Amino acid sequence: MFIISFDFGMKNIGIAIGQFYTKTANPLISINAKQGIPINWMDIKKILDIWLIKIAVIGYPYYYNIKNNNCKLIKLYIRKFANNLINKFNLQIFFSDERFTSCDARNFISNNFKLYNSFYSNYNIHTISAVIILERWLKLNS
């Protein structure tokens, strides 16, 4: 069974695909968003249809300072995005701690520069972050 993950962003949303059996994920694409809303929901629908996806994991900032208004706003946008995925595509949604995923993705890119340039050249920090989010979740939940 395949699972999709999202590295949510206000301008870009990274997407990765993984599976329970291997507990691994691969970067897929990054889609454009406007204020956290995908510009073209059909991009997501095509992926869900091709991979027969029923479960989605979304990176969520669990441990950010609750008093920070920007953090509260991002959490609201993420919940809205999740609700749209449920309503539009009938997905089962899970959230995964997304702390340090962008930092880990940057480290991956810099530490694996040759590999990144040959294999991952079509991907960006958002898609690599989506991989990290999903692999963390898979290791904890399968």
Side-chain angles (χ1 to χ4, degrees), residues 1-113 115-117 119-142:
M1 175 189 292
F2 292 100
I3 305 161
I4 194 167
S5 69
F6 298 96
D7 174 44
F8 180 84
M10 297 299 284
K11 295 181 182 178
N12 296 291
I13 299 171
I15 301 175
I17 296 290
Q19 58 178 306
F20 278 109
Y21 183 72
T22 62
K23 296 180 179 64
T24 60
N26 289 302
L28 201 55
I29 64 168
S30 179
I31 60 171
N32 294 324
K34 185 173 182 181
Q35 294 185 331
I37 299 169
I39 290 173
N40 187 356
W41 283 100
M42 288 304 294
D43 292 338
I44 295 174
K45 179 165 178 21
K46 287 176 191 173
I47 295 166
L48 299 176
D49 290 346
I50 290 169
W51 292 90
L52 304 174
I53 303 290
K54 297 294 177 201
I55 297 173
V57 177
I58 304 171
Y60 193 79
Y62 281 111
Y63 297 102
Y64 290 157
N65 183 350
I66 261 334
K67 294 179 183 176
N68 182 333
N69 283 335
N70 285 341
C71 181
K72 286 181 184 177
L73 190 58
I74 290 295
K75 287 180 177 185
L76 289 173
Y77 278 109
I78 292 171
R79 292 284 184 182
K80 182 177 178 181
F81 176 67
N83 286 333
N84 277 322
L85 290 173
I86 292 167
N87 294 330
K88 290 178 183 297
F89 308 117
N90 197 29
L91 291 176
Q92 185 177 4
I93 303 293
F94 294 92
F95 294 100
S96 180
D97 183 8
E98 59 105 45
R99 277 185 297 176
F100 307 115
T101 55
S102 294
C103 181
D104 290 346
R106 282 188 197 92
N107 286 337
F108 172 83
I109 291 168
S110 65
N111 292 335
N112 299 285
F113 188 72
L115 174 66
Y116 180 80
N117 279 339
F119 183 73
Y120 293 107
S121 61
N122 293 331
Y123 308 111
N124 58 32
I125 196 161
H126 308 291
T127 57
I128 303 296
S129 293
V131 167
I132 294 166
I133 288 165
L134 185 51
E135 288 185 346
R136 284 181 185 171
W137 185 86
L138 285 166
K139 285 177 177 68
L140 291 172
N141 294 285
S142 55

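These numbers were taken from a predicted model, which means no experiment stands behind them. One-based numbering along the sequence shown.
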To the nearest 0.5 Å, what is the distance between [atom1] on [X] and [atom2] on [Y]?
X	Y	atom1	atom2	value
Phe94	Ile133	CZ	CD1	15.5 Å
Leu140	Lys23	CG	NZ	11.0 Å
Ile4	Ile93	CD1	CD1	9.5 Å
Leu134	Phe6	CG	CZ	10.5 Å
Asn141	Phe20	CG	CZ	7.5 Å
Phe8	Ile74	CZ	CD1	6.0 Å

Can you list, pair by pair, the side-chain donor-acceptor contacts under 3.5 Å of residues 80-89, counting residues two or more places apart and other chains?
{"from": "Asn83", "atom 1": "ND2", "to": "Arg79", "atom 2": "O", "distance (Å)": "3.3"}
{"from": "Asn84", "atom 1": "ND2", "to": "Lys80", "atom 2": "O", "distance (Å)": "3.4"}
{"from": "Asn87", "atom 1": "ND2", "to": "Asn83", "atom 2": "O", "distance (Å)": "3.1"}

*Only counting residues at least two apart or in another chain, list the ones meeting ring-ring contact (aromatic ring centres under 6.0 Å, His included) with Phe2.*
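Listed in chain order: Trp51.
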_Testing the basics here: between Ala25 and Val131, what is the closest heavy-atom pair and its distance to 0.1 Å?_
O-CG1, 3.8 Å
*Smallest separation among heavy atoms of Gly14 and Ala130, with atom names*: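 Reported closest heavy-atom pair: O-CB, 3.6 Å.
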*Name of the residue among Ile53, Ile44, Ile3, Ile55 meeting side chain to side chain contact (heavy atoms under 4.5 Å, CB included) with Leu91*: Ile53
*Just wondering, do Ile13 and His126 contact through their side chains at under 4.5 Å, heavy atoms?*
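No, their side chains stay 4.5 Å or more apart.
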*asked:* Contact between Val57 and Leu138 at the side-chain level, heavy atoms closer than 4.5 Å - yes or no?
replied: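 In short, these two side chains do not touch, never coming nearer than 4.5 Å.
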Please list every donor-acceptor pair under 3.5 Å in which a side-chain atom of residues 28-36 meets a protein atom from a residue at least two apart or in another chain.
none

*Assess whether atom CE of Met1 is packed by more than 12 heavy atoms of other residues, nucleotides or ligands within 6.0 Å.*
no
